[in-house]
Amino acid sequence: MSDCLFCAIVAGDVPADVIHRDDDAVAFRDIDPKAPVHILVIPAAHHATAAELAAADPAATGRLLALAGSIAESEGVADSGYRIVTNTGPGAGQSVHHVHFHLLGGRDLSWPPG
Ligand code: 5GP
Ligand code: ZN
């Protein structure tokens, strides 16, 4: 999609610290990390929200979550614990309208979130 920052990262037009790339997913470090490990896991295809992605392609949604889990292992936070967050809509603070799963770990994560 034109004018989408994360489509531009998928295309390689905007640089990012990419830690995983395959035909249907990209994972890269958040530019403004909120935890020692803060990685964004996104589908290559443009969908605005997790619900829209899941409705359009449930299998891809599952693969993204599996990828997030394997990245948690490789980043060393699987045992200590981590959080997968998907902000949806303005009230939840979604600022980029290309669905992304935040993978957060490496510190204690309080609950409930703000
Ligand atoms: P949201 O606010 O939509 O839940 O999350 C968007 C995330 O994208 C934020 O955590 C923000 O720091 C990150 N972000 C915004 N612009 C860029 C960028 O150009 N590169 C990277 N790597 N992350 C970005
Ligand atoms: Zn996009």
Side-chain angles (χ1 to χ4, degrees):
M1 180 185 236
S2 61
D3 295 336
C4 171
L5 173 62
F6 286 179
C7 281
I9 287 177
V10 170
D13 294 336
V14 168
D17 186 356
V18 173
I19 62 165
H20 175 93
R21 180 186 288 278
D22 62 41
D23 284 347
D24 61 6
V26 180
F28 52 96
R29 296 189 192 282
D30 197 290
I31 203 168
D32 181 19
K34 304 301 189 295
V37 173
H38 188 173
I39 290 159
L40 302 174
V41 181
I42 72 169
H46 183 92
H47 299 276
T49 67
E52 289 180 22
L53 171 66
D57 195 342
T61 311
R63 287 194 297 274
L64 281 179
L65 291 172
L67 174 60
S70 69
I71 292 171
E73 296 273 359
S74 60
E75 291 289 318
V77 298
D79 291 339
S80 55
Y82 61 92
R83 189 170 290 163
I84 296 170
V85 178
T86 306
N87 297 321
T88 304
Q94 184 178 11
S95 60
V96 178
H97 298 279
H98 178 133
V99 58
H100 45 284
F101 294 99
H102 296 258
L103 169 60
L104 296 152
R107 64 168 173 82
D108 288 337
L109 298 166
S110 62
W111 190 263

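What you see below is based on every heavy atom in this structure, not just the backbone, and it leaves out hydrogens, waters and symmetry mates. One-based numbering, in listed order, for ligands and for the atoms of each.
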**Q.** Total protein N/O/S atoms whose distance from the Zn ion (ligand 2) is less than 2.8 Å
**A.** 4
Q) Looking at ligand 1, does any of its N/O atoms fall within less than 3.5 Å of an N/O of K34? A) no
Q. Do any N/O atoms on A16 end up under 3.5 angstrom from N/O atoms on ligand 1?
A. no
Q. Do Q94 side-chain atoms and A48 backbone N/O form a donor-acceptor pair below 3.5 Å?
A. yes
**Q.** Set of side-chain contact (heavy atoms from CB on, under 4.5 Å) partners for I84, sequence neighbours left out
**A.** L65, A68, Y82, F101, L103
(Q) Is H97 close enough to touch ligand 1? Criterion: a residue heavy atom under 4.0 Å from a ligand atom. (A) no
Q: Identify, for atom 20 (N) of ligand 1, the protein heavy atom at the shortest distance, and state residue, atom and that distance.
A: I31 CB, 3.7 Å
Q) Just heavy atoms, cut-off under 4.0 Å: does N87 contact ligand 1 by side chain, backbone, both, or neither? A) side chain
Q: Can you label the angle between the H102 ring and the H38 ring as parallel, tilted or perpendicular, going by 30° and 60°?
A: tilted
Q. At a 4.0 Å cut-off, with the gap strictly under it, does some heavy atom of G93 reach an atom of ligand 1?
A. yes
Q. Are there more than 12 heavy atoms of other residues, nucleotides or ligands under 6.0 Å from atom CG of D17?
A. yes
Q.
Among all the protein's non-hydrogen atoms, which is closest to atom 5 (O) of ligand 1, and how far away is it?
A. H100 NE2, 2.9 Å
Q. Quick one: which of T88, D30, V96 has a heavy atom closest to atom 7 (C) of ligand 1?
A. D30
Q | Counterpart residues, side-chain contact (heavy atoms from CB on, under 4.5 Å), relative to R107 (two or more places apart) | A | A35, P36, L109
Q) So K34 and L104, side chain to side chain contact (heavy atoms under 4.5 Å, CB included) or not? Walk me through it. A) CA-CA 8 Å; K34 304 301 189 295; L104 296 152; 4.2 Å; yes
(Q) Can you confirm, on distance only, whether ligand 1 has an N/O atom lying under 3.5 Å from any N/O atom belonging to S95? (A) yes
Q. If you look at every heavy atom in A50 and T86, which pair is closest and at what distance?
A. CB-CG2, 3.8 Å
Q) Would you say R29's side chain and I19's backbone share a donor-acceptor pair under 3.5 angstrom? A) no
Q | Which segment of R29 sits under 4.0 Å of ligand 1 when only heavy atoms are counted | A | backbone
Q. Under the 3.5 angstrom rule, does the side chain of H46 hit a backbone N or O of H97 as a donor-acceptor pair?
A. yes
Q.
At less than 4.0 angstrom from any non-hydrogen atom of H102, what atoms of ligand 1 do you find?
A. 1 (P), 4 (O), 5 (O), 7 (C), 10 (O)
Q) Which bit of L5 is near ligand 1, meaning a heavy atom under 4.0 Å away: side chain, backbone, both or neither? A) side chain
Q: Would you check if the side chain of H98 reaches a backbone N or O of A44 as a donor-acceptor pair within less than 3.5 Å?
A: no
Q) Is F6 close to ligand 1, meaning an N/O of one under 3.5 Å from an N/O of the other? A) no
Q: Below 4.0 angstrom from a heavy atom of D32, which ligand 1 atoms are there? Numbered from 1 as shown, please.
A: 12 (O)
Q: Flag yes if more than 12 heavy atoms outside D22 fall under 6.0 Å of its CG atom; otherwise flag no.
A: yes
Q: Please report the closest heavy-atom contact between A27 and I71, naming both atoms and the distance.
A: CB-CD1, 3.5 Å
Q) Under the 4.5 Å side-chain heavy-atom rule for ILVMFWY, direct or indirect, which residues accompany V96? A) L5, F6, I9, V10, V14, V18, V26, F28, L40, I42
Q | Numbering as shown, the atoms of ligand 1 that approach Q94 to under 4.0 Å (heavy-atom distance) | A | 3 (O)
Q. Is there side-chain contact between P43 and L53, with at least one heavy-atom pair below 4.5 Å?
A. yes
Q.
Once you restrict to heavy atoms under 4.0 Å, what part of V85 touches ligand 1? Side chain, backbone, both or neither.
A. neither
